[in-house]
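In what follows, every chain begins at residue 1, and chains take the letters A, B, ... in the order their sequences are listed. When reading the values below, keep in mind they use all heavy atoms of this one structure, side chains included, and skip hydrogens, waters and symmetry mates.
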Amino acid sequence: MIIVRTRKSECLISGRCFAHKTDMASPSPDTTASTVACKMLAWYDRHARELPWRVGPGDLARGIRPDPYRVWLSEIMLQQTTVAAVKDYFAKFTAKWPDVASLAAAHEDDILKAWAGLGYYSRARNLKKCADAVVADHGGTFPTSSAGLLDLPGIGDYTSAAIAAIAFNEPAAVVDGNVERVITRLHAIDTPLPEAKKEIRAITRSLTDPARPGDFAQSMMDLGATLCTPKRPACMHCPLREDCRALSAGDPERFPVRPAKKTKPLRRGAAFVLTNRDGAFLLEKRGDSGLLAGMTQVPTTAWTARQDGTTDTSEAPVANADWMHCGTVGHVFTHFELRLSVYSAEREMRAGENQWWSDPASLGGEALPTVMKKVLALAIESESED
DNA sequence: TAGCCGTGGCA
DNA sequence: TTGCCAAGGCT
C-alpha cells in the first residue's frame, strides 16, 4: 500500500473533500482513499467529457439532477459499447421516445428497428420490458436505490450502481471495465479477471466519495476512457500518477490480467435473397431467443460448423429457382466467425408465416442486423452488375 | 460458473 | 490483416 499523506494544499476542492474530516496527523488507508477521490473529483471538474446524457458543468452544484430516464437509457446503450457508437442512437431514441411512458407504449418491433446496428439485441428487448415494469409496477418513475433498480430487466450490478449514483446520489460502488482497469493498475493487482472482481469492488467501495458518488464514478470512467486506456495510457497526465503502483513498476499495460482468449470457431451457411417483380425483398423474423433474437433476416440455411465449405441451394426456401451466386459475406460475432454464401433469385410467391415483402425504400427501417445488411448489399451490388 | 450475446474502431 | 475489447447481463 502506498501511503499518500494528505495536505490541505493538495486538495483543490477542500470544501467538498471528505479527507478533511479525518485526522491529518495520522494517515490511514481511509485517508489515502480520500486523497484519491479528492484528486479524481478535482480532475473531473476540469476534464469531464460533455455528453448528451449528462447535465451541464456546474448544474449538479446548483441542485440540478440528470433525468433518470436518460441516465438509464444511456447506461443500457453503453453496455459493452463505445460512446461514439451510442451518441446517434441516444439522440434518435430520446427524440422518438422522450420519457419512459412513451417507450413503454411503443411496440417491441419498433424498438428493435431503432436499435438495429447497435448490437446485443437482448438489451433492446429488456429495455422494453424494463419500461413496462417501471410504468406498471413503479408508477412510471424509476426506483431510486441500486437494490430497487437491480430487480429490473437488463439492469445488473454495474448499471444499478451507476444509475443510483449518477441520478440519485447513492454512494454505490460503480465498477465497469474502465474502473477495473484503473483499480488494477492503481494497486497492481496480479489476480486475473474475473477472479479479481471482488477485490476491485471492495477497493472501489472504499474510494467512493459519499458526497459526490455520481461524479466520482464518472470521473473513474472518464479517466479509463481518455487517459488510463488499455494501450499506451497517458500516465504523465494522470491525476493518480503518484499513487499508481503499476506505473511505478514500469508496466501499466500489464493490467488488468486476463485469462487467455479462446479462438473463435468458424460457421458456414447460405443466405437467399429473393426479389419479386416490384423489386421487393423477402424478409422474415428470427426466433424469440438466442442469436439476433427477434431481428429480421433473409431466409438462410442453418449456420453450422461444417468445414467442407460446401453451401448449396438444396436448403433454399424455393425449389427450382434460378439462383445466382453473388459471393460470400463474412461477419464476426462474439463467439464465432460466420461465412455466408449469398444467392439471389427473382420469384413471385406468397410470403410465408413470419415473412413479408419489403420494398427497397422501406428496407432501411427494418430491424436488420449488420450481417444481414451485408448480405443484402452484396446481392444488390451483384444484381446491378448484371 | 462459464458460455452466450454484436458491432466498430484501432493498432 | 488480425486481434483486442468497449459504461455488462442473463442463464
Peer 1: Tell me which residues in residues 221-231 of chain A put a heavy atom below 4.0 Å from DNA chain C, sorted by number, or none.
Peer 2: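 Heavy-atom contacts with DNA chain C come from A:M221, A:A225, A:P230.
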Peer 1: Is there a side-chain polar atom (N or O) of A:R125 under 4.0 Å from OP1 or OP2 of B:dC5?
Peer 2: no
Peer 1: Is there any protein nitrogen or oxygen under 3.5 Å from a nitrogen or oxygen in nucleotides 9-11 of chain C, and what are the pairs?
Peer 2:
| unit_1 | atom_1 | unit_2 | atom_2 | d |
| --- | --- | --- | --- | --- |
| C:dG9 | OP1 | A:G156 | N | 2.9 |
| C:dG9 | OP1 | A:T159 | N | 2.9 |
| C:dG9 | OP1 | A:T159 | OG1 | 2.6 |
| C:dG9 | OP2 | A:D157 | N | 3.4 |
| C:dG9 | OP2 | A:Y158 | N | 3.2 |
| C:dC10 | OP1 | A:G154 | N | 2.7 |

Peer 1: Looking across every strand, which nucleic acid part, if any, lies under 4.0 Å from A:L51 by heavy atom: base, sugar-phosphate, or nothing?
Peer 2: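 Base, at least one base heavy atom under 4.0 Å.
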Peer 1: Of A:S289 and A:P194, whose nearest nucleotide on DNA chain B comes first from the 5' end?
Peer 2: A:P194
Peer 1: Taking only N and O in the side chain of A:R258, is any of them less than 4.0 Å away from OP1 or OP2 of C:dA6?
Peer 2: yes
Peer 1: OP1, OP2 of B:dC5 versus side-chain N and O of A:H335: anything below 4.0 Å?
Peer 2: yes
Peer 1: Using a heavy-atom cut-off of under 4.0 Å over every strand shown, decide if A:W53 touches base, sugar-phosphate, or nothing.
Peer 2: base
Peer 1: What is the separation between atom CZ on A:R267 and atom P on B:dC5, rounded to the nearest whole Å?
Peer 2: 7 Å
Peer 1: Got A:R268 and A:T304 here, is their nearest side-chain heavy-atom distance under 4.5 Å?
Peer 2: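 A:R268 vs A:T304: side chains apart.
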Peer 1: For the residue pair A:Y343 and A:H325, categorise the inter-ring angle as parallel (less than 30°), tilted (30 to 60°) or perpendicular (more than 60°).
Peer 2: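 A:Y343 and A:H325: tilted rings.
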Peer 1: Is it the case that the side chains of A:S219 and A:D222 hold a donor-acceptor pair, with the cut-off being a distance below 3.5 Å and no angle test?
Peer 2: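 A:S219 and A:D222 do not have a side-chain donor-acceptor pair below 3.5 Å.
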Peer 1: Identify whether any heavy atom of A:K262 sits under 4.0 Å from a base atom; if not, whether one sits that close to sugar-phosphate; answer base, sugar-phosphate or nothing.
Peer 2: sugar-phosphate
Peer 1: Looking at A:K373, does any N or O in its side chain come under 4.0 Å of the phosphate oxygens OP1/OP2 on B:dT7?
Peer 2: no
Peer 1: What does A:T81 touch in the nucleic acid at a heavy-atom separation under 4.0 angstrom: a base, only the sugar-phosphate, or nothing?
Peer 2: base
Peer 1: Do A:N178 and A:R181 have side-chain N/O donor and acceptor atoms under 3.5 Å apart?
Peer 2: yes
Peer 1: Whether the A:Q218 and A:R54 side chains hold a donor-acceptor pair (N or O, under 3.5 Å, no angle test) is what I'd like checked.
Peer 2: yes
Peer 1: Considering just the side-chain nitrogens and oxygens of A:H331, establish if one lies under 4.0 Å of OP1 or OP2 belonging to B:dG6.
Peer 2: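 Checking B:dG6 against A:H331, no side-chain N or O comes under 4.0 Å of OP1 or OP2.
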Peer 1: Which listed nucleotide (C:dA7, B:dC5, B:dT7) is nearest to the side chain of A:P369?
Peer 2: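 Comparing C:dA7, B:dC5, B:dT7 against the side chain of A:P369, the answer is B:dT7.
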Peer 1: Does a side-chain N or O of A:Q80 approach OP1 or OP2 of C:dA6 to a distance below 4.0 Å, or not?
Peer 2: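 False: A:Q80 side-chain N/O out of range (4.0 Å or more) of C:dA6 OP1/OP2.
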Peer 1: For the residue pair A:Y158 and A:Q79, confirm or rule out a side-chain donor-acceptor distance under 3.5 Å.
Peer 2: no
Peer 1: Just the rounded figure in Å: distance from P of B:dG6 to CG of A:L78.
Peer 2: 18 Å
Peer 1: Rounding to an integer number of Å, can you tell me how far A:F336 CZ sits from B:dT7 C1'?
Peer 2: 13 Å
Peer 1: Check every strand shown and say whether A:V174 touches a base, only sugar-phosphate, or nothing at a heavy-atom separation below 4.0 Å.
Peer 2: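 Answer is nothing: A:V174 stays at 4.0 Å or more from every strand.
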Peer 1: Which is more 5' along DNA chain B, the nucleotide nearest A:A85 or the one nearest A:G290? Just name the residue.
Peer 2: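 Whichever sits nearer the 5' end wins; that is A:G290.
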Peer 1: Rounded to the nearest Å, what distance is computed from the CZ atom of residue A:R181 to the P atom of nucleotide C:dC4?
Peer 2: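 Between P of C:dC4 and CZ of A:R181: 16 Å.
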Peer 1: Looking at A:R232, I'd like to know whether one of its side-chain N or O atoms comes within less than 4.0 Å of OP1 or OP2 on C:dC4.
Peer 2: no
Peer 1: Using 30° and 60° as the class limits, which term best fits the ring planes of A:W303 and A:F336: parallel, tilted or perpendicular?
Peer 2: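 It falls in the tilted class, 30° to 60°.
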Peer 1: I'd like to know if the side chain of A:W115 reaches the main chain of A:G119, judged simply by a donor and an acceptor atom lying under 3.5 Å from each other, with no hydrogens or angles considered.
Peer 2: yes
Peer 1: What is the distance from CG of A:D88 to P of B:dT7, rounded to the nearest Å?
Peer 2: 17 Å
Peer 1: Evaluate the side-chain proximity of A:E366 to A:W356: yes if any heavy-atom separation is below 4.5 Å, no if none is.
Peer 2: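 Yes, their side chains come closer than 4.5 Å.
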Peer 1: Distance check needed: C:dG8 C1' versus A:Y121 OH, whole Å only.
Peer 2: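 That distance rounds to 17 Å.
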Peer 1: Look at all strands and tell whether A:R54 reaches a base, only sugar-phosphate, or nothing, counting heavy atoms closer than 4.0 Å.
Peer 2: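 Here A:R54 touches the bases of the nucleic acid.
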Peer 1: Could you tell me whether A:I76 contacts a base, only the sugar-phosphate backbone, or nothing, with contacts defined as non-hydrogen atoms closer than 4.0 Å?
Peer 2: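 Touches nothing.
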Peer 1: How far apart are the closest heavy atoms of A:R123 and A:I76, and which atoms are they?
Peer 2: NH1-O, 3.1 Å
Peer 1: Do A:T226 and A:R49 have side-chain heavy atoms sitting under 4.5 Å apart?
Peer 2: yes
